[in-house]
Peer 1: 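Take a look at this one; I'll ask things after.
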Amino acid sequence: MKGSTFRSYLGFFVLLGICLVVLGFSPPLGKKVFATAFRNILFMLSVVPPIFILVGLFDAWVPREKVVERLGETSGMLGMGIALALGAFAAGPLYAAFPVAEVLLRKGVSLRNVWIFLGAWSTMKIPMLLFEMQNLGGAFALSRYLMSFVGVLSIAFFLDRFLKEEEKEAIRCPFLGE
């Protein structure tokens, strides 16, 4: 237990060591590194708690049967559309999508729809589209959005098609134990 806890934080300790070495060799650069890390930690602390509250409310209030009916293995195009819309209308960094994806898996959502949700969250957010239209032009924004749409659906389709059933169960299994 103690070893696995240390192993979980090994990356953090390695990065902390590198930052301390940088601070030792170049104090101005080291201070800048620590200031940036501190700002990022504060930003994460402002984003993650509201996400966990929303995920907890979703987990408690929405029955599993309704989620499986609309986003489960037999949901078809409707489920893909809902997953795409859930990801596209989201706001926030990608790491905020993983707790949501975890709850979706526990609620019985198909892996294909979870991949679509994560892909849409990472590349097809509506606020990002509006920003791109304003700053990079409509043609660029729409072509990038269309290519992202094709890419997200293709990746989800190929993962669903070519992963073996055992591999899919290995992905689902940690989330179904509760």
Side-chain angles (χ1 to χ4, degrees), residues 4-5 8-9 11-12 37-133 141-142 144-178:
S4 68
T5 303
S8 298
Y9 294 102
F12 169 76
F38 184 71
R39 275 196 312 272
N40 287 336
I41 289 170
L42 287 181
F43 179 73
M44 271 186 62
L45 289 176
S46 71
V47 169
V48 172
I51 292 293
F52 279 120
I53 290 171
L54 291 175
V55 165
L57 292 174
F58 174 76
D59 196 22
W61 289 347
V62 180
R64 180 184 165 88
E65 297 78 32
K66 287 197 184 266
V67 175
V68 168
E69 179 185 325
R70 289 176 176 81
L71 289 163
E73 291 293 337
T74 59
S75 62
M77 296 294 285
L78 176 66
M80 293 167 62
I82 292 172
L84 198 68
L86 280 175
F89 285 105
L94 182 59
Y95 58 78
F98 294 117
V100 178
E102 190 262 343
V103 169
L104 291 176
L105 282 173
R106 274 196 291 122
K107 290 278 187 179
V109 173
S110 71
L111 281 175
R112 179 192 64 235
N113 288 337
V114 170
W115 289 318
I116 289 172
F117 166 75
L118 288 173
W121 186 301
S122 66
T123 62
M124 298 179 63
K125 284 189 247 177
I126 298 297
M128 190 165 56
L129 174 70
L130 299 175
F131 173 80
E132 286 177 356
M133 287 180 88
L142 291 176
R144 193 207 57 82
Y145 205 77
L146 180 65
M147 294 307 294
S148 296
F149 177 78
V150 171
V152 165
L153 292 182
S154 299
I155 289 169
F157 171 77
F158 286 120
L159 282 172
D160 196 46
R161 175 104 175 141
F162 293 114
L163 277 180
K164 296 175 188 160
E165 219 30 65
E166 308 88 61
E167 294 169 322
K168 290 180 183 177
E169 281 306 310
I171 294 170
R172 277 190 218 115
C173 191
F175 304 106
L176 298 178
E178 297 177 36

Peer 1: Could you measure the distance from the CG atom of Asp160 to the CH2 atom of Trp115? Nearest 0.5 Å is fine.
Peer 2: 6.0 Å
Peer 1: Rounded to the nearest 0.5 Å, what separation is found between the NZ atom of Lys125 and the CG atom of Leu94?
Peer 2: 7.0 Å
Peer 1: Could you check Lys66 against Glu69 for salt bridge (Lys or Arg N to Asp or Glu O under 4.0 Å), going step by step and ending with a plain yes or no?
Peer 2: CA-CA 5 Å; Lys66 287 197 184 266; Glu69 179 185 325; over 6 Å; no
Peer 1: Answer yes or no: is there a donor N or O on one side and an acceptor on the other, between the side chain of Arg64 and the main chain of Arg106, under 3.5 Å?
Peer 2: yes
Peer 1: Over all heavy atoms of both residues, which pair between Ala90 and Pro127 is shortest? Give the atoms and the distance, please.
Peer 2: O-CD, 4.1 Å
Peer 1: Could you please spell out the steps behind the side chain to side chain contact (heavy atoms under 4.5 Å, CB included) verdict for Tyr145 and Glu132?
Peer 2: CA-CA 10 Å; Tyr145 205 77; Glu132 286 177 356; 5.9 Å; no
Peer 1: Could you give the distance from OG (Ser110) to CE (Met80), rounded to the nearest 0.5 Å?
Peer 2: 9.0 Å
Peer 1: Under a 4.5 Å cut-off applied to non-hydrogen side-chain atoms, are Phe149 and Leu84 in contact?
Peer 2: yes
Peer 1: Measuring from Asp59:CG to Leu54:CG, what's the distance to the nearest 0.5 Å?
Peer 2: 12.5 Å
Peer 1: Taking Arg112 as the fixed residue, which of Ile116, Val109, Val114 is the one that meets the side chain to side chain contact (heavy atoms under 4.5 Å, CB included) rule?
Peer 2: Ile116
Peer 1: Could you check whether any side-chain heavy atom of Leu142 comes within less than 4.5 Å of a side-chain heavy atom of Leu146, counting everything from C-beta outward?
Peer 2: no
Peer 1: Rounded to the nearest 0.5 Å, how far apart are CZ of Arg39 and CD1 of Ile41?
Peer 2: 11.5 Å
Peer 1: For the pair Phe162 and Phe158, name the ring-plane relationship: parallel under 30°, tilted 30 to 60°, perpendicular over 60°.
Peer 2: parallel
Peer 1: Could you check if a side-chain atom of Ser154 sits within less than 4.5 angstrom of a side-chain atom of Phe157, using non-hydrogen atoms only?
Peer 2: no
Peer 1: Does the side chain of Leu118 reach to within under 4.5 Å of the side chain of Phe98, using non-hydrogen atoms?
Peer 2: yes
Peer 1: Check Ala96 against Val47 and note the closest heavy-atom contact, atom names and distance.
Peer 2: CB-CG1, 4.2 Å
Peer 1: Are the side chain of Lys107 and the backbone of Val62 linked by a donor-acceptor contact shorter than 3.5 Å?
Peer 2: yes
Peer 1: State, yes or no, whether a side-chain contact exists between Leu105 and Leu111 at a heavy-atom distance under 4.5 Å.
Peer 2: yes
Peer 1: Within this structure, what is the CE-CG distance for the pair Met124 and Leu153, rounded to the nearest 0.5 Å?
Peer 2: 7.0 Å
Peer 1: May I ask you to test the Val48-Tyr95 pair for a side-chain heavy-atom distance under 4.5 Å?
Peer 2: yes
Peer 1: Is there a side-chain contact between Met133 and Leu129 in this structure, where contact means two heavy atoms from C-beta onward sitting under 4.5 Å apart?
Peer 2: yes
Peer 1: Using a 4.5 Å cut-off on heavy atoms from C-beta on, say whether the side chain of Leu86 contacts that of Val100.
Peer 2: no
Peer 1: Check whether Trp121 reaches the backbone of Gly92 with its side chain - one donor and one acceptor, N or O, closer than 3.5 Å.
Peer 2: yes
Peer 1: Ignoring hydrogens and geometry, is there a side-chain-to-backbone donor-acceptor pair from Thr123 to Ala120 under 3.5 Å?
Peer 2: no
